[in-house]
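Note that this is a predicted model, so its numbers are computed, not measured.
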Amino acid sequence: MIQNEELFKAIISHSKEYGFIFPSSEIYDGLSAVYDYGQYGVELKNNIKNYWWKAMVQMHENIVGIDSAIFMHPTVWKASGHVDAFSDPLIDNKDSKKRYRADVLLEDHIAKIEEKVNKEVEKAAKRFGESFNEEMFCQTNERVVNYRKQIVDISEKMNNALNINDFEALRQLIVDLEIVCPVSGSRNWTDVRQFNLMFATQMGAAADGASTIYLRPETAQGIFVNYLNVQKTGRVKPPFGIAQIGKAFRNEIVARQFIFRMREFEQMEMQYFVRPGEELDWYEYWKEQRMKWHLAMGIPQEKFRFHVHEKLAHYANAACDIEFAFPFGFKELEGIHSRTDFDLSAHQQYSGKKLQYFDQERNESYVPYVVETSIGVDRMFLAVLSHAYCEEKLDDGTERVVLRIPPMLAPVKAAVLPLVKKDGLPEKAREIMDILKQDYLCQYDEKDAIGRRYRRQDAIGTPYCITIDHQSLTDNCVTIRERDSMQQERIAVENILKIIREKVSAANGANL
């Protein structure tokens, strides 16, 4: 079993080799932190989006979907606070000329201290065996106590500096901790300064008559500015939700970790509009529902955890992340936020339009409060791929790489494989292929020995292979092979569609 950095490199390599993800514009040496989804990647990505959309919109009668434009009136971003406050603290190393986020340098430093804690715990666990009490050890071991004190101290200083935009304090903290540039190894840092993350462009035919607009840095504002349109035309009342899947763009200072942090990415967001005073109950409800959605894919519970925000955004009164155990550690996968009435109130103020709801039961008008669920499609893709990738040694001594993608998300649902390219087997296989492809994306393959074809399908995550042999022509039965166990079963041709439908159904996962 390979771990961490080696595993991550293997996943990235496999993604390119098997048509999941390619570096964008690769023939021109690529474009930093921009990627293209290949023939299998786009199918997996679409399946993830369909799974989310079904769970959110189809299975909830009070949630509807929209698709808002990427370009929006520039005042939208003034009202939302993005023009004035959507920035990261930037710092350069004078020797390497490399640019970093100051807070990320500090977080990486904290992560190194946390790794020291983990190593101490691992060593003690081996030494004491079954009698080991991790909680007691962490409270009494002098070295671990000291490490934890360092983490708390650094985190408090960093968060205090970020809260008041004290960039000099951020720089001084980096200097005091003797943090070095990963490239040059030097501590020759510039001052910290703000860097706005929005991409700006011009709309208009002539430069002198053009106006500055922005590529949206999030999809949520497209929902908020359409709140009134949806509420009136959909005849819905709080509590109700608006869901959207769409592209967003952020000019990240340091985009890294493959598709985890990119400059062009896709979000699946739902804004849930509720009565003021009920938002924290709904916040807890959506925390539970969203975790159920993740677990319904069959990925084990220990791969996920909640991280409650101690430092809240100015618009929130509660916030947490669902974190996933990526090969590079637990990182944010989805955010659940209680955003109060900040967004609608701000747009009401800047637009001059009333964005209120008249509640007949209470006989009063109010600006609804909002609970948000926001998940990155690309991060979800990487989470699925990270969990699915497996290198295993078989009983016969050979090895295989298999993607154990949940069947409902698999790019190709079944492969149809005639044992040989003659004797009427391809014709029989084509008949079966024509039946299956009406409902599922399937693949026909007659090239190479059957074992090599199985390996190819394992590598792209196809859950089932259907092999047509000479006996199939007489008994009208085929062999179906299951990807993970590699077990084979003889079934009648007329039962193939029913069996595939049962095995790849997303009904359980979407019924949330």
Side-chain angles (χ1 to χ4, degrees), residues 22-37 65-92 97-102 104 165 167 190-230 242 244-256 259 261-269 271 313-315 342-353 355 372 374 376-378:
F22 306 128
S24 180
S25 316
E26 187 179 18
I27 62 171
Y28 294 101
D29 297 325
L31 186 63
S32 175
V34 184
Y35 292 91
D36 299 331
Y37 284 82
I66 65 166
D67 182 9
S68 64
I70 288 172
F71 293 140
M72 302 178 73
H73 193 286
T75 309
V76 167
W77 305 112
K78 184 72 174 174
S80 67
H82 285 82
V83 171
D84 298 321
F86 192 59
S87 59
D88 281 338
L90 175 152
I91 191 169
D92 293 322
K97 313 300 181 188
K98 293 292 183 181
R99 181 166 289 174
Y100 302 93
R101 276 177 53 175
V104 170
N165 289 330
F167 295 143
T190 64
D191 291 337
V192 177
R193 56 200 184 279
Q194 280 190 326
F195 179 80
N196 194 287
L197 299 177
M198 285 198 296
F199 284 101
T201 187
Q202 301 295 314
M203 178 175 281
D208 56 353
S211 61
T212 298
I213 61 171
Y214 303 96
L215 297 181
R216 64 183 181 194
E218 64 177 28
T219 59
Q221 299 306 320
I223 294 176
F224 294 131
V225 299
N226 277 296
Y227 155 76
L228 203 58
N229 287 332
V230 172
I242 303 176
Q244 177 171 214
I245 300 175
K247 292 269 190 173
F249 308 84
R250 295 181 185 179
N251 193 13
E252 297 280 359
I253 299 169
V254 184
R256 57 182 186 162
I259 60 170
R261 190 181 301 280
M262 299 190 293
R263 294 187 170 94
E264 175 185 341
F265 55 97
E266 202 161 5
Q267 291 180 304
M268 302 184 291
E269 293 197 321
Q271 309 297 330
H314 62 281
Y315 54 76
F342 170 80
D343 299 281
L344 290 183
S345 293
H347 289 302
Q348 181 173 259
Q349 176 188 343
Y350 277 82
S351 69
K353 306 291 194 304
L355 300 179
E372 171 186 71
S374 176
V377 178
D378 311 276

Notebook entry, point to check: Which atom pair, heavy atoms only, marks the closest approach of S80 to F342?
Noted result: O-CE2, 3.8 Å
Item checked: Any donor-acceptor N/O pair, E266 side chain to V377 backbone, under 3.5 Å -> no
Notebook entry, point to check: Atom CG of D378 and atom OH of Y37: how far apart are they, to the nearest 0.5 Å?
Noted result: 3.5 Å
Next item on the list: Nearest 0.5 Å please: distance from the CD atom of Q267 over to the CD1 atom of I245.
Entry: 11.0 Å
Check: How far apart are the closest heavy atoms of R263 and S32, and which atoms are they?
Finding: NH1-O, 3.1 Å
Next item on the list: Starting at OH of Y227, measure out to CG of L355 and round the result to the nearest 0.5 Å.
Entry: 7.5 Å
Checklist line | T75 versus Y350, closest heavy-atom pair with distance | finding: CG2-CD2, 3.9 Å
Next item on the list: Could you grab the distance from atom CG of L197 to atom OH of Y214, nearest 0.5 Å is fine?
Entry: 12.5 Å
Note to self: Please enumerate all residues that pass salt bridge (charged side-chain N to carboxylate O under 4.0 Å, His left out) together with D92, with sequence neighbours excluded.
What the structure shows: R99, R193
Next item on the list: Report the C-alpha distance between L344 and F224 in whole Å, list the side-chain angles of each, state the deciding distance to 0.1 Å, and finish with yes or no for side chain to side chain contact (heavy atoms under 4.5 Å, CB included).
Entry: CA-CA 6 Å; L344 290 183; F224 294 131; 4.3 Å; yes
Item checked: By side-chain contact (heavy atoms from CB on, under 4.5 Å) - contacts of V76 (at least two apart) -> M72, H73, Q221, V225, H347
Next item on the list: Kindly give the heavy-atom pair with the smallest separation between L215 and F71, and that separation in Å.
Entry: CD2-CE2, 3.4 Å
Note to self: Rounded to the nearest 0.5 Å, what separates atom CZ in R101 from atom CD1 in I91?
What the structure shows: 13.5 Å
Item checked: S211/Q202 under side chain to side chain donor-acceptor pair (under 3.5 Å): CA gap, chis, key distance, verdict -> CA-CA 6 Å; S211 61; Q202 301 295 314; over 6 Å; no
Item checked: Heavy-atom pair with the smallest gap, counting every atom of T219 and G246 -> CG2-O, 3.6 Å
Next item on the list: Name all pairs fulfilling the salt bridge (Lys or Arg N to Asp or Glu O under 4.0 Å) condition that reach into residues 65-81, sequence neighbours left out, sorted by first residue then second.
Entry: K78-D84
Check: R250 pairs by side chain to side chain contact (heavy atoms under 4.5 Å, CB included) with which of R261, E218, M262?
Finding: E218
Margin query: Taking side-chain contact (heavy atoms from CB on, under 4.5 Å) as the definition, give me every residue that meets it alongside I66, ordered by chain and number, with sequence neighbours left out.
Written below: S68, I223, N226, V230, I242, Q244
Check: Can you list the residues that meet the salt bridge (charged side-chain N to carboxylate O under 4.0 Å, His left out) rule with D191, with sequence neighbours excluded?
Finding: R171
Note to self: For the CZ atom of F22 and the CG atom of D36, what is their distance to the nearest 0.5 Å?
What the structure shows: 8.5 Å
Check: Do you know which two heavy atoms are closest between A69 and R216, and how far apart they sit?
Finding: O-NH1, 3.3 Å
Checklist line | Which residues share a salt bridge (charged side-chain N to carboxylate O under 4.0 Å, His left out) with E264, sequence neighbours left out | finding: K247
